[in-house]
Structures are given as structure tokens and as C-alpha cells.
4 protein chains.
Amino acid sequence: MSGTPTSNHAHRDVVLETARLILADNGVKGLTIEGVSARTGVAKTTIYRRFRSKQELALAVVRQMTAEVVAVEQHGNSRARLVAVLERAVTLLRTTVMGKVMKGLVSDIATDPELGAAYHREVISLRVTTVHDIVQDGVASGELKPETDAGILHELLFGAVYYRLLLNGGELESAMADRIVDAILPAFLIHPSH
Amino acid sequence: MSGTPTSNHAHRDVVLETARLILADNGVKGLTIEGVSARTGVAKTTIYRRFRSKQELALAVVRQMTAEVVAVEQHGNSRARLVAVLERAVTLLRTTVMGKVMKGLVSDIATDPELGAAYHREVISLRVTTVHDIVQDGVASGELKPETDAGILHELLFGAVYYRLLLNGGELESAMADRIVDAILPAFLIHPSH
Amino acid sequence: MSGTPTSNHAHRDVVLETARLILADNGVKGLTIEGVSARTGVAKTTIYRRFRSKQELALAVVRQMTAEVVAVEQHGNSRARLVAVLERAVTLLRTTVMGKVMKGLVSDIATDPELGAAYHREVISLRVTTVHDIVQDGVASGELKPETDAGILHELLFGAVYYRLLLNGGELESAMADRIVDAILPAFLIHPSH
Amino acid sequence: MSGTPTSNHAHRDVVLETARLILADNGVKGLTIEGVSARTGVAKTTIYRRFRSKQELALAVVRQMTAEVVAVEQHGNSRARLVAVLERAVTLLRTTVMGKVMKGLVSDIATDPELGAAYHREVISLRVTTVHDIVQDGVASGELKPETDAGILHELLFGAVYYRLLLNGGELESAMADRIVDAILPAFLIHPSH
DNA sequence: GACTAAGCGAGACGGTACGTCGCGTCTTAAA
DNA sequence: TTTAAGACGCGACGTACCGTCTCGCTTAGTC
């Protein structure tokens, strides 16, 4: 009648999937361990054994979704590659539950050091690396100024997106990635187009 | 003939001040109407009569602090003016309780439309206007390219700051405003210095 | 714009009438000074000046309704007169808001000495007197036993009605007065019919 | 398979006992879940899990007290048995907290259908049955008239008691049961003593 | 094949804070 | 002076989830 015979993974997945559904419907505020327990049939205790808090659970969903968007290797000039990277982020935020989740989760990420570290490790650092690589290649190919600071470039690119998402209250347009890159890049190009 | 404008004062201020102290100590999560009531002696019901939620209360603190930083009219070239504007924001976030508050509040601002609208109305729109004015003057004086988009410039400038504060987990350096402006501005100047 | 120049009576009546309506709709629990104030436009303060509590207000309604049912002088033999008296009470409880009001008010009458005294003075004592008179006449005419105790007779007659109304949870039938009198009276008649 | 029947005990009893004490001191109005929680140390939530309202809690006390007065099988003639039954009720109301509790609870019993049903089921119906049995025996033994209506007899007997308790504002005398039975019974006896 | 050990369901529990209701008191200003 | 208007402190309400805990049950892995 109970006592799942299978491994501990089955539960994990059910819980994660349900969490994602709840997040889609009601955001992070609507996500409660109690609710997930009720909807999955998985006992509260069991959930607590795997996720210490609803934030951790939500972050696990974020991690999962981010992992699903496999980083396809991008080719082309610096501009194209930067747009591609940024566009992936914008699209994820625009078209999936990711936007809602990040809105609800950002305060916890910013506040809880452990959660913040996890987010940085699993999401941010990938972006930093990617932008850094692009910059390195661009400098090597003579496209970008040698003194280009990949760190600040990364913050400018993604900052604009999240600022609008979280504080500026506007919609993320699909062309946003293009517009941002075009606005910034002239500052880093050796030969701005005009 | 109603809504006595005079009476609202004494309590409001005590509550706001106490709220600010609690926010400084424990952040938004530590701010509870119940706690404010206990610490001020003002009845819970009275607080609820003025502030519909702890978010609204926290936002009132934000509003107040923002208002205190009077917008001193800045002179000089576009770069200096932009740095000054951005630096005010950075300093407020770095050196006062504002940083902590924004970390805890951002999810509510992003999530609750009413709160978001209030924040936009009382904080964001001032920045937009300011940046817009600087751009206008800069274009007129021949410093900035005529096609400069003040909106996206504003998002780039402030976005970088908040991105680091909220998601990148780094410290806001005191020189951050300078660095950001210097990184971006070449893209908008007609005659980049080098 | 307001501030009725007329006497204090106008308010009293509006309040009482509104109170009666509310009582009819929602019973004593639904009657609140706050609500009456809102519905009448009469200020809470003013209502408190006239009625110290919602119980007193409700009792005033009871008083008024009782007074409206003028005690028509009844003639006939003891049985007929007793039935008539009891029937008036039953009908009032059955067909008007009185039943609902008494249900909600009885705890306050039983509990609050002042209210209990008022109820006794204005409602109970009339019944005692009436029954006493009927008994006196019945004894004089040779119908009733000389030792007939009007006090206990009164309690038996009305007690049965209120017991059903309040605790036995049954409906008051229209024939209830008849049935009660017929059940009891043989104990007091000198020549029971059979 | 669930609903562990064992666990419910300890807390229930502490709560009930404390409730009884509070009821004795302050009546139903003085009984608050919050107060019971504070005095017992049992969490408010836990109390709410067992008792949906303070009325239900008070009724549980009533139930318990009624159950304690075990219905000792009474022998003797109809009069003696009726007196015994009624006397038990009178004594309970006179000498224990029961009187106070019933005063405070009657409005809720009369008003809330669920509570009324519970009271009827657990208190009233026992009385009805008892009186019915006595009547049946009395008719069989030739003491009582065959047409004796146990239902109305029950209402007359107990009605008189509660009427005095709740509305007539008088003290319940210890001899009350005797007096009531003596007053009524002649109407039902085949051979009234005089 | 019996016997632990682990994982699990079920859910009671203490706890914090929520946001609401209505009370009765009080102050202010207009009529 | 009486009134309307309404702010205020207060007590209690009933609810939502939290995170902890104890309790058997049920499979596995080990002997």
C-alpha cells in the first residue's frame, strides 16, 4: 500500500516536477513543502530529507532547467556569439517558468549566502566563463580592445536584462539581446562599424 | 472634509523609524508587523491601517531614504553627471541599510504588481528622467551621438549595479560607478577619448 | 451637511429599526454596533450614548416588539385564557424575528445581571402577573384548586416553549399552546374533564 | 491503518480540565482558545485541531460532566423515578459549573445547528429515552394514563428548570425537582392522591 | 529464510506570524 | 452641546506553513 520499493530517485523527480508545475502556476510564494507533499503524495519528511527548504527546492528546479538548455557551442564573430549567449538567457526568462521563478527567488539568493553561493556556482560562473572566452577570442582576433574587461561586460549584458525583469517592470522583448549587445559593443570594438 | 492630513504623523514616523532599525538588523525577513507593533507600542491594527503589508512598509522606508538623498543638481560634462547619478545610488546601496532592504524586497517588487508600480513610480522613473535629461543635454552639446537611447543606457548603468548586488554576489566597490560609466560611455560618445 | 437638528428620538428609531432588520437577517451574532452605524449613518459614538452594548440594543428591540403585541384582555374560562396567553408568546416566537433574537440573546440575559433584570422587569413579570390573575379568577370561580401555585404554573407553561425553542431543537408548532395547556391543566382543575 | 487512537489522550484531558476551570471562574465568555493555550502550554493550533471552536470545547466539557453523572438505575414508582431523574439535572446545574456553562452556551446551542445537533444527541436524547421508559413502565403498571405523552412530559419537566435558570432569573432550589413533579404528575396519574 | 537497517507514510505537535473583526474610548471640528 | 467622522489600543480570532518528532510498516541487503 506504500513504501516505495524503488530507489530514492523516483521521489526526487516527482517532487521536482511537481515543484516546477506549482512554480509555474503560483510562483515561489505559492510553493510550499506542505503543498508539494500533498500533491505528490510524498511525505513531508521525505521531502525535507532531500531539500532543506523550499528555496533549495526551487533552486534545484532552476538548476535542472538551466542544465536542459545545453550550451550549444556558438561560432561567429564576437557580436554574434555574445548575442547568442544573452539570447539564450532572455528566452529562458521570457518563455518558460524561469522568469517567474527568478522573480520569486532573487531575494533568497541575494540574502541567503549558501543559496547565493550555489546560484553563483551553478549559473553565474558559467556565464562569466563564456563571456570571458568570447572576449579572449575577440581580443586575439583583433576585434576587441585588449583592455576589455570580461567581468564588467558580463555584468552590463546580464544586468540590463535582470534589471528590467526585476525592477523596471517591463516586458523582456525578444530582440532585447540584440539591442543590448549593439548598444554596448561599440565601446569594446577596435573598429566600431560607424 | 475627511482624511485628516494632520493626525497621521506621530505614529507614522515612529513606525517608519523602527522599521528602518529592524530592517538594518534583520533585513526584510526579520521585519514583521507584529514585531514593529511590539517595539513601538503602536497597535498592530493601527499599523495595518497605514501599511497594507510589511512590503509596503519596507517600501515606505525605501521611499523615505530615497527622498532624503536630495537630487543635487549636477553640472559638468555628460560623464561626470552620469557618474554622479550612479554614484549616489551605489553609495546608498553600499553604505546604508538600503542594500539589505533591496535584497529582501526585490522579489516582492518583481512579483506584486502594485508594489512594482509603486517602486517604479517613486524610484525608477526619477532615474529615467535624470538619465534622459543628461542624454538630451549631451546630444545638444555635441558630446553624445544623436541616436543615443536614454532608456537602454539607464538599464545598462543601473542594471550592472543591481546585478552584482543581487545575483553576482559581489561587493559593490566605491569606484563602481566610475568603472561602469567608463566602460559604457565610449559607445555613446561622438569622440571617444581613445 | 448633517448633524440632525431635531431631537434625539429620530436617531433612536432609525437605529432600532435597522437593528431589527439586521437581527432578522443575521441574528444577534450579526448585530454589531459598527454595522448599525455603517448602515444608518448614525455615528458609533451616538449609538453608544443610547445603548451601552449590542445586547441592550437587542433588548430594546425585544421590548418594542413585545409592546406592540398589546395585551388584549382575554375572557373565557381558565383554559381559554391560559391558551390565549401562551399562544401569543408562541406566535411571536414562531412568526417574527423574536425567535431568532431570543436564541441569540438568552445567554446574555442569563449571564448579565443587569440585562437579566431588565428582561425580567419588562417581559417575564407581565406573564407572571397575567397567569397569577387567571389563577386567582379560576380559584374564585371554583374551576381551579385553591392551592394552585401560579408561579410554577407559569414556569411550566413557558418553560416547555422555551425549552423546545432553545435546547430541544424542535420547531414550535402552532398548536403547541393548546397541547401544553391541555397536558398540564388536569393537575390543577378541580373537575378534570376525564 | 491510521488515526492512531492512542495518541490523542494526554493533551485532550489537560485541555478539557483547564477549560472546565476557566469556565468555572469566568463562564463561557471568559473561555478563549488563546487563554486555554496559554494556561496549558498546549499550542493554539493543537487545540484547534481537536476543537473547532470554543463552543465545541465547552460542549465537550458538558458532555464529560454529563457522562460522569452515571445514570444509576432508579427504582420505585413513577413519581420517585421522575423526581430522581429531574433531581440529577437540577443538582448538576445547581452545584457544579454546569449551570454557568449552560447559561453561556445556550445561545450557541440554539443558534448553531451543528452544535445543537450534538447537544441533542448527547444530552437531550438520553433524557427523552429515560422519561419514555418511565412512562412506559408506569402505563404498564396502571399508574399512568395510557395516553400519557412522554415527549411533552419531558419538555414540561426540564423546561421549567431551564426556564428558571435562563430567563426567570431565579435560583434553582434543591427541592425544585419535587415541586415540579408534584405539580405536573396529577395530570397523568390515573388515581391522583387527592 | 530469518533479521536487521533504512527509507518511508502518516500525521501530531509547538511555534510564529499572519491579516481581520469588532469592541469601546477618545479627539477633533462642524453645526 | 450634540453630533459625525474616524483614529486608536486592544483582545481574540482562525489560518497557513514551518520544521521537528515519533511511530509503525515495508522492503532490501546480510548472514
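This one's a predicted model, so the numbers in the text were calculated from it and none came from an experiment. Numbers restart at 1 for each chain; the letters A, B, ... are given by sequence-line order, proteins then strands.
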Q | Nucleotide E:dC13, atom P - distance to CZ of D:R12 in whole Å | A | 11 Å
Q) Could you state the CG-P distance from D:L57 to F:dC13, rounded to the nearest angstrom? A) 11 Å
Q: Round to the nearest Å and state the distance from B:I22 atom CD1 to E:dA17 atom C1'.
A: 13 Å
Q. What integer distance in Å separates A:E56:CD from F:dG19:C1'?
A. 14 Å
Q: Starting at atom CD of B:Q55, determine the distance to atom P of E:dA17, rounded to an integer number of angstrom.
A: 15 Å
Q) What does nucleotides 23-28 of chain E look like as a protein-contact string, B for base, S for sugar-phosphate only, - for none, at under 4.0 angstrom between heavy atoms? A) BBBB--
Q | Length of the line joining A:I47:CD1 and F:dT20:P, which is rounded to integer Å | A | 14 Å
Q: List for me each residue that meets side chain to side chain contact (heavy atoms under 4.5 Å, CB included) alongside C:K29, sequence neighbours excluded, and say none if there are none.
A: D:D108
Q. Under a 4.5 Å cut-off applied to non-hydrogen side-chain atoms, are D:V62 and D:V101 in contact?
A. yes
Q | N/O (side chain, B:H11) to phosphate O (OP1/OP2, F:dG9) under 4.0 Å | A | yes
(Q) Test of understanding: with side-chain hydrogen bond (donor to acceptor under 3.5 Å, both in side chains), list the residues that count as partners of C:R49, not counting sequence neighbours. (A) none
Identify all side-chain donor-acceptor contacts of residues 33-42 of chain C below 3.5 Å with residues at least two apart in sequence or on another chain.
| from | atom 1 | to | atom 2 | distance (Å) |
| --- | --- | --- | --- | --- |
| C:S37 | OG | C:V42 | O | 2.8 |
| C:S37 | OG | C:K44 | N | 3.4 |
| C:T40 | OG1 | C:V36 | O | 2.6 |
| C:T40 | OG1 | C:S37 | O | 3.4 |
| C:T40 | OG1 | C:V42 | N | 3.0 |

**Q.** Nearest-angstrom distance from the residue atom CG of B:D108 to P of E:dC18
**A.** 13 Å
Q) What's the CZ-C1' distance between B:F51 and E:dC18, to the nearest Å? A) 18 Å
(Q) Any non-hydrogen side-chain atom of D:L31 less than 4.5 Å from a side-chain atom of D:N26? (A) no
Q: Sequence neighbours left out, what passes side chain to side chain contact (heavy atoms under 4.5 Å, CB included) with D:T111? Give chain and number order.
A: C:K103
Q: Tell me, please, which residues at least two apart from C:A43 pass side chain to side chain contact (heavy atoms under 4.5 Å, CB included).
A: C:T45, C:T46
Q.
Tell me whether the side-chain N/O atoms of D:T46 come closer than 4.0 Å to OP1 or OP2 in E:dG14.
A. yes
**Q.** Which residues share a side-chain hydrogen bond (donor to acceptor under 3.5 Å, both in side chains) with C:E122, sequence neighbours left out
**A.** C:R63
Q | Net bend of the helix from E:dT4-F:dA28 to E:dA31-F:dT1, end axes of five pairs each, nearest 10 degrees | A | 10°
Q | Listed partners of A:E114 passing side chain to side chain contact (heavy atoms under 4.5 Å, CB included), at least two apart | A | A:R52, A:D112
